[in-house]
Number of protein chains: 2
Amino acid sequence: MMYAIGVDLGGTKTAAGVVSGDGEVLFSETIPTLNRDGGDAILDATAALVSSLMVRAQAEGLDVVGVGVGSAGVIDAAHGVVVSATDAILGWAGTELTAGLARRLGLAPEAVQAVNDVHAHALGESWTGSAAGTASSLLVAFGTGVGGSFVLAGHPVLGHRYAGGHVGHFASPYAFHEGQAVPCVCGGAGHVEAIASGPAIREAYVRLGGKEPVLDARGVFALAGASDAIAIKAVGICAAAAGQAVGGLANILDPEVVVVSGGLSDAGAPWWRPMERALRAELLPALLGLPVLPAKLGNAAAMVGAARLVLTTPS
Amino acid sequence: MMYAIGVDLGGTKTAAGVVSGDGEVLFSETIPTLNRDGGDAILDATAALVSSLMVRAQAEGLDVVGVGVGSAGVIDAAHGVVVSATDAILGWAGTELTAGLARRLGLAPEAVQAVNDVHAHALGESWTGSAAGTASSLLVAFGTGVGGSFVLAGHPVLGHRYAGGHVGHFASPYAFHEGQAVPCVCGGAGHVEAIASGPAIREAYVRLGGKEPVLDARGVFALAGASDAIAIKAVGICAAAAGQAVGGLANILDPEVVVVSGGLSDAGAPWWRPMERALRAELLPALLGLPVLPAKLGNAAAMVGAARLVLTTPS
C-alpha cells in the first residue's frame, strides 16, 4: 500500500494527515495558519507539520510517496504557485507553494502537488466520499463563500487560468432587493454568493426587517427554529437561491451526481429541504432523477483529495 | 490526407459535406430534413445524401474514412442513439442514428459517429474556427434557442446523460417581468433562453408595450435601427441577459476563450455591444482579459465539427 500526506491549507487553520492509497486517513494534525505572516512563514510551519507526520509514518513503516496540498486561493496547479488569494491570508499570492515545500522537505519537485482547496474537497468526495465510483460529479459548497468543482473522469476541471469552479459568481434572480442587486464580495453584484452564502443569510434577515441581534447564519437558524417569521423567510430565500443555482449548473454540466456541502448543508432539513426543492424545480426533464447528495467526508475531504493528487490511480 | 463526411442534421434541413483532415470543406449538399416522416425516412434520405457525396469523393480519389453527424436532439454519443428530440423532428427520439446510417451505407459501425449539433458546432469552431489552437473554449449560440458546449482538450463535455450544454436553462434575473418569471420552452420559467433567444426579443418588445407589428427579432432590430425606443430597450435587455449569462458561465468554467454564435450574433453591434458589455461586467478579476470572439465558420461549423469526430487527431 502507498501513502501520501494530504494538506488542507485554509485561511484560519492547516490540517495535514497521512492518507492511504485507498483513501483512509491514518492520523492527522492541525495547526493555525500563520495568515498574517506571509508565504515563507506559512511554508515553514506547513513543512514542519508535514515533516512530523512523515517521521511518524516512517516509524510505522509506511511508504509515503508525496505531499498533496489543497490551498485557499487560486492555485496554478501546473507550477504549484499561488496565483491570487484574498486578504484572509496576507502575502500568500505569488508564493511558490509546491517548490517551497519540496525544498524544505528535501523532496523531488514533482512529489509535491497542489490545487485550490475546493477542488481538493471535490476530488476527495469523488474518490471515496458521496460521489465515489461516479464518472462525473459537481460539488457545490455553501459556507462563508460559495465555491464548487466539476470532477470529470477523476480530475477536477481547473480552468484555463485555474479560476474554474467560481460557481458563486453568476447572476441569481434572488440576489435583488427592491430592484437593487445585492453587492457581492467579488466587487460585482447580484451574484449567487451574495444571497446563498452563510453571511448572506444574516444579511437577508436584516434586509427583510429582522430586529433580533444575530451574529451569523447560526443565529438566524435558531430564530427560524423558534418560529420567527422573518428568519424563516430569510432561510427560505437563501436556500432556494442555493438550490436554483445548483439546478442550473446541473443543466449546464449534466454531472452523474451532485454533492452539496459546506456549513449550510450541515444545518439540516430547514436549509436542505427548500434548497433541494428549488434545485429540482430547475432541472430539465433529462435530469429529473439526478442524485443530490450531502457530502460524506466532512472536514477530511480536502485532505483526502489533496493526497489523491500524488497517489497513482488504483486499479 | 484523410477525408470524412460531416453531416449537420437540423430541424428543417440537413447539410453534408466532404471535409479534409485539416478541416476544409471540399464540397457539400443540402436537403430538407423529412421532419414529419419519422426516423427511418430521415435515415434513408440522409444515407442517400451521404452516399452521393461518397461517390463523388471516390471519383476524385479521396480517402473517406467515415461519417460524423451533428444532430438536433439529445444524442447518446456512445451508442449513436437519439435519446430525445423536440417535435421539430417527429419520430426522431429513439432512432438508432449511427447504426442505421452505417447499415444503409455498408460501413463498419464505428465508422459512423454522432453528437448533438451544438456540440458539433463548438467542436468545429474549436478545431479550425475562432477557438482554433485553444486548450478549452466555451461556445454559446443565441438563435431560436440558446445552447452551448464547453470543449476541453478537443472534446465537447457531453454530460453523463448527454444533456450537457443546456446553457439556456439556468436562472436569469432579466427573465422576470413585473415580478413574474417569464415562461421558458422547457416548461420551467425565468431561464436565460426565455429572455435571450431570438423569439424572446420579439416577446420582450411586446411585453414592454411595443405596438408595431413585428414577426420576429429581425423586425425588432429594424425598429431599433429606426430609433424606436421600446425596440431599443427590448434588444438591450435581451442582449444584456445573453452577456450576463455567458459571463457567469465563464466564471464557472474558466475557458481559454469564449465564442458567441447563432443568429443574434450576426445582428452586429446593436446586439453584440450590449451583450459584451454585460458579459465583461460579470467577470471575476482573474478573467478580465478573456477573449470574447464571434464564430468564424458560419453554417459550416457543425458539419466540420461532425467530420472531426471520425478524423483522427492530426499531429
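By convention in this document, chain letters (A, B, ...) are assigned in the order of the sequence lines, proteins followed by strands, and residues within each chain are numbered from 1.
Closest heavy-atom contact between B:His160 and A:Ala135: ND1-CB, 4.4 Å. The nearest pair of heavy atoms linking A:Arg161 to B:Pro291 is NH2-CD, 3.9 Å.
The line from NE2 of A:His191 to CG of B:Leu284 is 7.0 Å long, rounded to the nearest 0.5 Å. The line from CZ of B:Phe150 to CG of A:Leu152 is 9.0 Å long, rounded to the nearest 0.5 Å. Atoms CD1 and NE2, from A:Ile252 and B:His166 in turn, are 11.0 Å apart once rounded to the nearest 0.5 Å.
For the residue pair A:Glu282/B:His169, the side-chain donor-acceptor check at 3.5 Å is not satisfied.
Residue with the most contacts toward chain A among B:Ser136, B:Gly165, B:Cys186, B:Gly188: B:Gly165 (heavy-atom pairs, distance under 4.5 Å). Each of B:Ala250, B:Gly248, B:Gly187, B:Ala163 has some count of heavy-atom pairs under 4.5 Å with chain A, and the biggest count is that of B:Ala163. With chain B as partner, the option from A:Leu253, A:Val157, A:Asn251, A:Val257 having the largest number of non-hydrogen pairs under 4.5 angstrom is A:Asn251. When the candidates A:Ala286, A:Gly148, A:Ser149 are compared by the number of heavy-atom contacts under 4.5 Å with chain B, A:Ala286 comes out ahead. Per-residue counts of heavy-atom pairs under 4.5 Å with chain B were compared for A:Leu287, A:Asp254, A:Val83; the largest is that of A:Asp254.
Residues A:Phe176 and B:Phe176 place their aromatic rings such that the two centres sit no closer than 6.0 Å.
For chain A, the nearby parts of B:Glu256 are the backbone and the side chain; heavy atoms of each come within less than 4.5 Å. In this structure, no portion of A:Thr134 lies under 4.5 Å from any heavy atom of chain B.
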